[in-house]
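Report on one structure; see the data block that follows.
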Amino acid sequence: MSYSVYIPCDAAALALGADRVAEAVAAEAKARDVAVQIIRNGSRGMFWVEPMVEVLVANHRVAYGPVQPADVPSLFEADFLVGGPHALCLGRPEDIPYLAKQSRVSLRRVGVVDPRSFEDYLSNGGGKGLARARLMTPEQIIGEVIYSGLRGRGGAAFPTGVKWRTVFETEAERKYIICNADEGDSGSFSDRMLMEGDPFCLLEGMAIAGLAVGAKSGYVYVRSEYPHSIAALQSAVAVAGEWLGGFDVEIRKAAGAYVCGEETALLESIEGKRGIVRAKPPLPAISGLFGKPTVINNVITLASIPDILAYGADSYHEFGVGRSRGTLPFQLAGNIRYGGLVEVPFGLTLRELLYDFGGGARSGRPLRAVQVGGPLGAYLAEGQFDTVLGYEEFAGIGAALGHGGIVAFDDTVDMARQARYSMAFCAHESCGKCTPCRIGSTRGVEVIDRIMAGQVEKIPLLRQLCETMTHGSLCAMGGMTSYPVLSALDSFPEDFGSLVDSGNGLV
Amino acid sequence: MIPDELIDRVRSILNSHHHQAGALLPVLHDVQAEFNYVPSEAVSEIANTLKLSRAEVHGVLTYYHHFRQTPPGKHVVRVCRAEACQAQGGDALVAHAERRLAQSSLTLEPVYCLGLCAIGPSIQIDEINLHAQVTPGKFDALIADLEGTP
Ligand SMILES: Cc1cc2nc3c(=O)[nH]c(=O)nc-3n(C[C@H](O)[C@H](O)[C@H](O)COP(=O)(O)O)c2cc1C
Ligand code: SF4
Ligand code: FES
């Protein structure tokens with residue numbers, strides 16, 4: 001008999017040495033003449049204990065972490081293969097409070113299954129959604145998705161079923177499903193974890209979308225910074241081809257342009273052009289890839305679909321608050337003690353995430369600023385931490401949940417410097433189509449430099465620039481760079497050398 | 001490399017993308033995987049085969065940060081500059097890396113997030129090797145290893 005040992009192949013676990021741990025376990029087992037089967041699973045998303053090694057004992061798992069190669073001999077000495085006690089033992093993974101307090105829905109299998117094994121996928125509940133969808137009409141599938149309340153997880157939070165209905169109703173001999181896996185937001189890694197930990201789930205979601213709108217092929221557009229995700233998806237496509245029932249999926253590697261996460265720039269990129277944003281209308285749902293009706297959805301949006309179909313819209317809709325239904329896999333990042341993936345229903349407060357899950361700043365200093373929703377998201381201060389995590393609640397304070405990435409900073413942060421970075425990032429990534437975005441952001445960097453050099457009288461000019469960019473930009477790149485810049489200025493005026501900036505432009 | 005051989009290799013890449021719609025990015029990726037950069041001789045060949053102008057191919061090549069037009073050093077080291085890494089000492093690591101690699105056979109490139117945002121600062125070596133929680137000391141050790149290998 002051989003023992004089953006799970007060692008993650010998720011990029012974060014690899015960055016922390018998981019491959020070397022796997023080698024050490026294999027070598028030690030060989031030296032001791034015990035048969036072990038090493039399974040490379042995804043990550044459970046608790047990065048402070050990665051690489052986290054799990055063993056299968058009877059019908060449950062026992063976890064150990066963080067494991068380094070040097071710990072491996074002592075783990076064998078402690079009989080970890082049968083769950084023996086050891087200083088690194090964490091008990092059953094699902095009993096660890098960080099996981100026990102979550103509602104894993106979209107990422108339910110990530111960290112549990114072998115992402116390369118289709119059998120593992122099927123025996124852990126995979127495939128049921130597609131099987132049920134095959135017995136339904138397109139209208140029924142779309143109705144189910146609309147009723148679930150699922151809104152796009154890529155940032156704009158548009159109702160997914162409504163988007164699908166438009167594509168369904170648009171007549172065309174060819175239609176496409178595109179998965180947006182460009183995940184460019186700093187502080188985000190849920191798409192990556194899903195692709196590396198449960199790639200079949202994404203393919204199943206795409207195939208269901210295909211049945212719903214009448215599309216026979218699709219693309220996954222994955223950022224080039226994620227080679228491990230690309231490999232996992234390619235292997236899943238190779239294995240699952242037939243099961244997808246004639247729905248073809250091509251994996252497309254992006255090329256390092258943040259703005260190509262914007263859906264129309266993404267279309268241009270797949271067509272082989274520069275990723276320049278298209279004016280809307282026409283909506284991609286009506287005229288998208290190669291001019292054909294196209295569904296574009298985020299990874300997590302599509303990965304939420306199989307469960308909604310398998311267990312019914314109600315099972316998803318019952319989670320959440322207000323018009324924010326279901327769960328969101330939040331990502332705790334930056335200067336945070338317990339960084340990782342926290343999938344919970346909408347409705348908790350930001351403070352609960354930051355402290356109950358995150359444990360405050362890793363540096364042990366007070367948390368001062370938190371950026372939610374990526375580089376175009378607002379910086380929030382302590383006074384806003386009690387905001388409820390919901391789309392409307394965040395809009396209400398001039399912020400956005402975006403893709404659920406949360407980046408924590410302690411009190412050593414210089415918010416003028418962060419505002420400068422936001423402008424510089426916009427200048428670096430602008431597609432160049434609109435003058436306010438292209439030129440305004442470069443001017444913004446210069447103005448912030450002056451302010452940082454003591455010219456506080458330039459603050460009104462900075463506000464004016466933000467205003468011009470917000471109103472004169474075609475997409476959210478130029479249109480929302482004001483979110484981090486102005487929130488930094490409004491919530492942390494002392495960092496801009498001005499204690500009395502009243503926000504009305506008069507210093 | 002003799003130019004004929006280079007063109008042959010580019011042609012065989014182009015052949016393998018024969019039936020692909022919008023093949024330009026996949027072709028450029030394969031060319032860069034083959035040569036570590038996209039040689040200018042490849043541009044005309046790509047333009048001819050895909051029925052694009054040289055200017056169009058060049059426009060795409062220069063638009064995307066991922067593509068290189070000159071050969072890199074023997075290894076490419078990408079250091080993350082994005083916000084979550086900044087919150088964990090990323091700026092100091094970037095400054096250190098710039099100093100350390102100023103006179104080196106390795107190429108330093110910026111990258112904006114590697115999806116390792118809870119365990120920063122993060123770096124990526126030759127696209128596939130990832131390292132987390134990189135202190136200046138850990139960085140120097142990694143670089144010494146790379147400089148020591150062919
Ligand atoms: C500058 C910019 C970058 C974006 N990047 C991404 C991204 O990386 N991933 C993503 O899913 N959506 C991104 N979006 C949002 C997409 O345009 C689009 O709304 C989304 O892919 C739709 O899918 P959803 O409805 O499932 O969210 C970005 C938008 C903008 C303006
Ligand atoms: S706002 Fe910026 S990124 Fe968006 S379309 Fe205009 S120039 Fe391009
Ligand atoms: S911000 Fe550096 S890895 Fe995400």
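Residue A/Asp185 touches chain B through its backbone alone, counting heavy-atom pairs closer than 4.5 Å. At a 4.5 Å heavy-atom cutoff, the contact between A/Val259 and chain B is made by side-chain atoms alone. Contacts of B/Arg81 with chain A are made by backbone atoms alone, with heavy-atom separations under 4.5 Å and no side-chain atom involved. Proximity to chain B (any heavy atom under 4.5 Å) is shown, for A/Ile336, by neither the backbone nor the side chain. Both the backbone and the side chain of A/Ile276 have a heavy atom closer than 4.5 Å to some heavy atom of chain B.
The interface of residues 98-120 of chain B with chain A, defined by heavy-atom distances below 4.5 Å, comprises B/Val111, B/Tyr112, B/Cys113, B/Leu114, B/Gly115, B/Leu116, B/Cys117, B/Ala118, B/Ile119, B/Gly120. Along residues 123-134 of chain B, the residues that come nearer than 4.5 angstrom to chain A, judged on non-hydrogen atoms, are B/Gln124, B/Glu127, B/Ile128, B/Leu130, B/His131, B/Ala132, B/Gln133 in order of number.
Taken from CD in B/Glu83 to OH in A/Tyr421, the straight-line distance is 4.5 Å, to the nearest 0.5 Å. Rounding to the nearest 0.5 Å gives a distance of 10.5 Å between NZ of A/Lys273 and CG of B/Leu52. For the atom pair CG (A/Asn335) and SG (B/Cys85), the distance works out to 11.5 Å, reported to the nearest 0.5 Å.
Under the 4.5 Å side-chain criterion, counting only non-hydrogen atoms from C-beta, A/Glu250 is in contact with B/Gln20. Residues A/Lys253 and B/Pro26 form no side-chain contact, since every pair of their non-hydrogen atoms from C-beta on lies 4.5 Å or further apart.
Heavy-atom minimum distance, B/Tyr63 versus A/Cys431: OH-CB, 3.4 Å. When all heavy atoms of A/Arg252 and B/Gly22 are compared, the closest pair comes out as NH1-O, 3.0 Å.
Listed by chain and residue number, A/Phe425 satisfy the ring-ring contact (aromatic ring centres under 6.0 Å, His included) test with A/Tyr258 (two or more places apart in sequence, or in another chain). The side chain to side chain donor-acceptor pair (under 3.5 Å) search around A/His428 returns none, not counting sequence neighbours.
Most heavy-atom pairs under 4.5 Å with chain B, from the set A/Gly272, A/Gly339, A/Ala255: that is A/Ala255. Taking chain A as the reference chain and counting heavy-atom pairs below 4.5 Å, the highest number among B/Gly90, B/Ala23, B/Ala84, B/Ser122 is found for B/Ala84. Looking only at heavy-atom pairs under 4.5 Å with chain B, the residue among A/Met193, A/Glu50, A/Glu183, A/Arg192 that has the most is A/Arg192. Per-residue counts of heavy-atom pairs under 4.5 Å with chain B were compared for A/Ala408, A/Pro375, A/Ala257, A/Ala361; the largest is that of A/Pro375. For the options A/Ser186, A/Ser229, A/Gly256, A/Ala254, heavy-atom pairs under 4.5 Å to chain B are most numerous at A/Ser186. Of all the listed residues (A/Arg417, A/Glu225, A/Arg274), the one sharing the greatest number of non-hydrogen pairs under 4.5 Å with chain B is A/Arg274.
Between the side chains of B/Tyr64 and A/Ser269, at least one donor-acceptor pair of N or O atoms lies under 3.5 Å. For the residue pair B/Gln88/A/Arg362, the side-chain donor-acceptor check at 3.5 Å is satisfied.
Open room surrounds OH on A/Tyr338; 12 or fewer heavy atoms of other groups in view lie less than 6.0 Å from it. Remark: A/Lys216 NZ is loosely packed, at most 12 non-hydrogen atoms of other residues, nucleotides or ligands lying under 6.0 Å away.
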